[in-house]
Each structure stands twice: as C-alpha cells, then as structure tokens.
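Atom set for the values below is all heavy atoms of this structure, side chains included, hydrogens, waters and symmetry mates excluded. In this chain, residues are counted from 1 in sequence order.
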Amino acid sequence: MTDPTISAVIAVFAGFVLAGFLAVPYIAASYRRRGELGFWRILLVFGFLVYAMSLWTYTLLPIPETTTAWCAEHASSHLQLRPFQFVADIRREQTGAGLRAFLRNPAVQQAVFNVALFVPLGMFVRHLFRRGFLTIVALGFAVSLFIECTQLTGVWFLFECPYRLADVDDLLTNTLGAAVGFGLAPLLRLLPGNEPSAPPGTPRPVTARRRLLGMAVDVVSVILLGTTVGIVTTVLAGEPNTVVTALIGTFLPALLLLFVIPVAGNGASFGQRVVLLRPTGPDGGKPSLWRMIVRFLTGSGGYFTLLTLASVVNGGFEPLANLLFFASGILAIRPEGHQGLSGLVAGLRMADVRAFDDQEVPSLVSGKDG
C-alpha cells in the first residue's frame with residue numbers, strides 16, 4: 001500500500017476504536033439532548049471521529065528512521081517562518097502555461113491540500129456543535145498550531161529530531177480551510193434527520209431497535225467493566241484463579257449493572273437508562289423485587305450467570321447461555337411490546353421514561369423508531 005493508503009486505513013481503524021470507547025456516552029447524551037439518535041447523525045459523528053484520526057495520521061506519517069546521520073542531514077530543514085512562502089514556491093515550480101500546468105504544480109497542490117484538510121473541521125464543528133465563525137477560525141488556528149508544534153518538536157521530543165517541516169504557511173492555509181468549512185457547513189443540512197422528530201422531552205416509541213440497543217449497551221458495559229476490574233486485580237494482586245476470575249470478570253459486573261442498579265433505581269438496567277427506557281409492572285409502576293429477580297435470571301443477567309458457571313464448572317453451560325442470548329434478542333424484536341424473554345417471563349412491559357413526567361401510569365407506545 002502507498003503511504004496515503006496506509007494513513008487512511010489507520011485513520012478508519014482508529015476511528016472505529018475511538019467510536020467504541022465513546023459509543024455509550026454519545027448514545028446517552030444524544031437521547032437526553034435530542035431525544036433520539038438518528039441514523040445520518042450517527043454517520044456524521046463517526047465521520048468526524050475518522051476525520052480527527054486522519055489529521056493525526058496524515059500529519060505524522062510516514063515516520064522515517066530518525067538516526068543520528070539522518071538528523072544531521074536534515075537539521076536545517078524543519079522550520080519555515082516566512083509567511084506566504086508558498087507563493088514564491090508556486091512561481092519557482094511552475095513549468096508551463098495554462099490552467100492544467102498550474103494545477104499540476106506541486107506547490108499549488110500542497111497549498112490546496114492544506115486548505116482542504118481543514119474544511120471538514122469547520123463543517124463538522126459548525127454543524128454538530130453549533131459554533132460560530134470566530135470560534136471555528138480560532139479552533140482551526142489552534143489545531144493547526146498544535147500540529148505544527150508537534151512536527152517541530154519531533155512529536156513532543158519522542159524522536160531524536162523533527163522529521164516533518166513546521167511551516168507558518170500551513171498555519172495560514174489550515175486556518176483558511178476552517179473558515180471555508182464554516183461557509184460550506186449548511187450543505188450538511190441537506191442530510192435527513194438533522195432536526196429531532198419531536199422535542200427532546202417528548203416520549204418516543206418503544207421499538208425493537210431501541211430495545212436491542214439498550215441490551216447491547218448492557219452486554220458491552222458488563223464486558224468492559226469486568227475486563228477493567230480483571231486488569232486492575234491482576235496488576236495489584238497477581239493472576240487470580242479461575243473462580244475469582246469468573247466472579248469479578250463476569251458475574252459481579254453483571255449483578256451490579258443488571259440487578260443492583262435497577263433495584264436501587266426505577267427498575268431500569270444500565271443500558272435501559274442510557275436509552276431512556278424502564279420496565280413497568282402490571283400496575284404501571286416500578287416492578288416488585290421478585291419480578292426483577294426473575295428478569296435478571298431470564299435475561300442478560302442469566303446469560304452472564306451461565307457464562308460464569310461455564311468458566312467455573314465447565315459443565316456445558318455455554319450453549320445454554322448462547323441460546324438464552326439469541327432467544328432474548330428475538331423476543332425483543334417480534335412481540336409488539338418488545339418485552340424480550342425476561343419481560344415476558346416476569347410479566348413486565350417497557351416504557352419511555354419521559355412518559356412518566358406528566359402522568360402516574362405511562363402510555364406504552366410502539367411503532368417506528370424515534
């Protein structure tokens with residue numbers, strides 16, 4: 001692969017990794033500020049993350065072997081402080097007449113690239129974060145200055161010497177690109193789903209996608225919490241035995257996020273809280289304790305309990321765990337109320353928490369996702 005291709009692949013991969021870390025906070029913030037997610041908005045946010053990673057990869061890669069000999073050879077070519085030097089470079093490198101020759105000029109291409117590189121920054125920041133012109137120009141200048149300082153210091157002295165040119169013209173053209181992006185940002189409004197379908201405080205339908213999203217947040221959160229606790233425990237106390245590993249890495253995180261939090265709160269698990277859902281008993285209120293125990297054992301809590309048993313006794317519990325996992329997902333899709341297996345067994349229904357603001361018993365709705 002060519003160097004630009006490598007940079008692009010790294011940027012996309014890093015964007016996926018960053019999106020994974022920020023997914024739960026973003027989902028929670030989106031439901032609270034906008035009342036919903038929105039497919040095109042998710043794509044824009046992911047595009048912004050990939051773009052942020054591309055700024056890093058395209059400005060720092062490729063990394064040469066910064067040996068002593070290499071540093072001595074390039075010692076005088078890492079800083080350019082003359083403003084608008086690119087104009088003189090364009091004149092010097094122009095080899096023919098006409099528009100085609102001008103566009104083929106390497107100095108022209110470099111200047112255009114430096115402007116274009118920061119156009120998405122202005123567009124994303126104005127559209128996603130509702131910032132004004134002066135803020136975006138200042139942000140473009142600050143980001144470009146940070147990049148140039150990073151290049152000037154050899155990635156903040158991680159390398160023996162600078163290996164990229166820190167150029168004041170890059171600072172000027174990058175800032176111009178951010179300003180141009182501000183002007184082009186209204187184009188992003190052409191994408192559907194820019195405005196919420198209803199005010200943020202309005203209850204939205206309880207749909208299969210929302211239920212599955214809450215379940216996915218629960219599963220991922222349990223895994224991340226268990227992994228974190230396992231790493232900390234290993235660092236502090238050494239490698240634990242199989243039983244302790246299963247308990248602190250699987251069962252206890254599941255018990256906390258899927259049972260303790262619901263019992264202490266309004267009955268909703270961590271994932272359900274993120275997507276603003278909560279279960280209700282037959283009377284429309286918080287489920288009783290025995291119903292929440294049944295829900296834990298026949299839902300995601302039962303899945304992680306079976307995985308814990310599979311790790312401890314190795315008695316064929318893993319197939320049962322997988323069967324429970326898929327049955328829960330299917331029953332969260334097909335029944336009209338999207339209760340899931342645990343909700344059906346425990347006699348619970350799902351409601352949008354915003355339906356509780358003005359009435360004691362919520363209106364339970366289902367339909368197209370909001």
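A side-chain donor-acceptor contact under 3.5 Å links Gln272 to the backbone of Ser269. No donor-acceptor pair under 3.5 Å is formed between the side chain of Ser30 and the backbone N or O of Ile27. No donor-acceptor pair under 3.5 Å is formed between the side chain of Ser144 and the backbone N or O of Gly140. A side-chain donor-acceptor contact under 3.5 Å links Thr153 to the backbone of Cys149.
The distance from atom OH of Tyr303 to atom CG of Leu323, rounded to the nearest 0.5 Å, is 12.0 Å. Taking CD from Glu318 and CG from Leu307, the interatomic distance works out to 6.5 Å, rounded to the nearest 0.5 Å. Atom OG1 of residue Thr305 and atom CG of residue Leu320 lie 12.5 Å apart, to the nearest 0.5 angstrom. With rounding to the nearest 0.5 Å, the separation of CD in Gln110 from CG in Asp89 is 10.0 Å. The structure places CG of Leu99 at 10.5 Å from CZ of Arg104, a figure rounded to the nearest 0.5 Å. Rounding to the nearest 0.5 Å places CG of Leu247 at 11.5 Å from OG1 of Thr233.
Annotation: Arg32, atom CZ; neighbour count of heavy atoms from other residues, nucleotides and ligands within 6.0 Å is above 12. Counting heavy-atom neighbours within 6.0 Å of Arg91 CZ, excluding the residue itself, gives a total of 12 or less.
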May I have the step-by-step check of salt bridge (charged side-chain N to carboxylate O under 4.0 Å, His left out) for Arg210 and Asp352, ending in yes or no? CA-CA 10 Å; Arg210 247 175 111 184; Asp352 189 307; 3.0 Å; yes
When you look at Phe304 and Phe251, which way does the side-chain contact (heavy atoms from CB on, under 4.5 Å) test go after all the steps? CA-CA 6 Å; Phe304 286 108; Phe251 181 73; over 6 Å; no
One pair to check against side-chain contact (heavy atoms from CB on, under 4.5 Å): Arg211 and Leu277. What are the steps and the verdict? CA-CA 8 Å; Arg211 284 287 286 120; Leu277 291 177; 3.9 Å; yes
Where do Thr173 and Phe113 land on the side-chain contact (heavy atoms from CB on, under 4.5 Å) test, with the steps shown first? CA-CA 9 Å; Thr173 51; Phe113 174 79; over 6 Å; no
Test log, rule side-chain contact (heavy atoms from CB on, under 4.5 Å), inputs Arg204 and Glu36: CA-CA 8 Å; Arg204 301 300 202 278; Glu36 58 194 35; 3.1 Å; yes
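Clustering ILVMFWY residues whenever any of their side-chain heavy atoms sit less than 4.5 angstrom apart, transitively, puts Val87 in the very cluster that holds Leu103. Note on Ile90: it does not cluster hydrophobically with Leu176, by side-chain heavy-atom contacts below 4.5 Å among ILVMFWY residues. Clustering ILVMFWY residues whenever any of their side-chain heavy atoms sit less than 4.5 angstrom apart, transitively, puts Tyr26 in a cluster other than the one holding Leu49. Side-chain heavy atoms closer than 4.5 Å link hydrophobic residues (I, L, V, M, F, W, Y) into clusters, and following such links, even through other members, never connects Met215 to Leu297. Hydrophobic clustering of Ile, Leu, Val, Met, Phe, Trp and Tyr side chains at less than 4.5 Å, counting indirect connections, unites Val125 with Ile42.
Donor-acceptor pairing under 3.5 Å is recorded for the side chains of Asn105 and Gln94. No donor-acceptor contact under 3.5 angstrom links the side chains of Ser300 and Asp218, judged on distance only.
In this structure, Gly226 and Pro253 approach most closely via the heavy-atom pair CA-CG, 3.7 Å. Contact record, Glu148 with Asp170: OE2-CB, 3.3 Å, taken as the closest heavy-atom pair. Of all heavy-atom pairs spanning Met123 and Leu184, the tightest one is CE-O, 3.5 Å. Scanning all heavy atoms of the two residues, the minimum distance from Asn266 to Lys286 falls at O-CG, 3.8 Å. When all heavy atoms are compared, the tightest approach of Pro162 to Leu152 is CG-O, 2.9 Å. Residues Arg278 and Gly285 come closest through the heavy atom pair NH2-C, 3.9 Å.
Using a 4.5 Å heavy-atom threshold, the side chains of Arg354 and Leu276 count as touching. For the pair Thr242/Val312, no side-chain contact is recorded, criterion being any heavy-atom separation below 4.5 Å from C-beta on. A 4.5 Å side-chain heavy-atom check between Tyr31 and Leu213 finds at least one atom pair inside the cut-off. With a 4.5 Å cut-off on side-chain heavy atoms, Ile248 and Val244 count as touching. When side chains are defined from C-beta on, Leu172 does not count as touching Phe86, because their heavy atoms never get closer than 4.5 Å. Using a 4.5 Å cut-off on side-chain heavy atoms (C-beta onward), Leu348 and Arg291 make contact. You'll find the side chain of Pro262 reaches within 4.5 Å of the side chain of Arg295, heavy atoms only. Inter-residue side-chain proximity for Val220 and Ile223 is flagged as unmet; no heavy-atom pair is nearer than 4.5 Å.
The distance between the ring centers of Phe46 and Phe16 falls below 6.0 angstrom. Aromatic ring centroids of Phe146 and Trp156 lie under 6.0 Å apart. Annotation: Phe118 is not in aromatic contact with Phe141 [ring centroid separation under 6.0 Å not met].
Ring-plane geometry between Phe182 and Phe133 is classed as perpendicular, the angle between the planes exceeding 60 degrees on a 0 to 90 degree scale with a lower cut at 30. Using cut-offs of 30° and 60° on the angle between ring planes, the pair Phe129 and Phe48 is perpendicular.
Paired with Leu257 under the rule side-chain contact (heavy atoms from CB on, under 4.5 Å), one option of Leu252, Leu225, Val217, Val219 passes, and it is Leu225.
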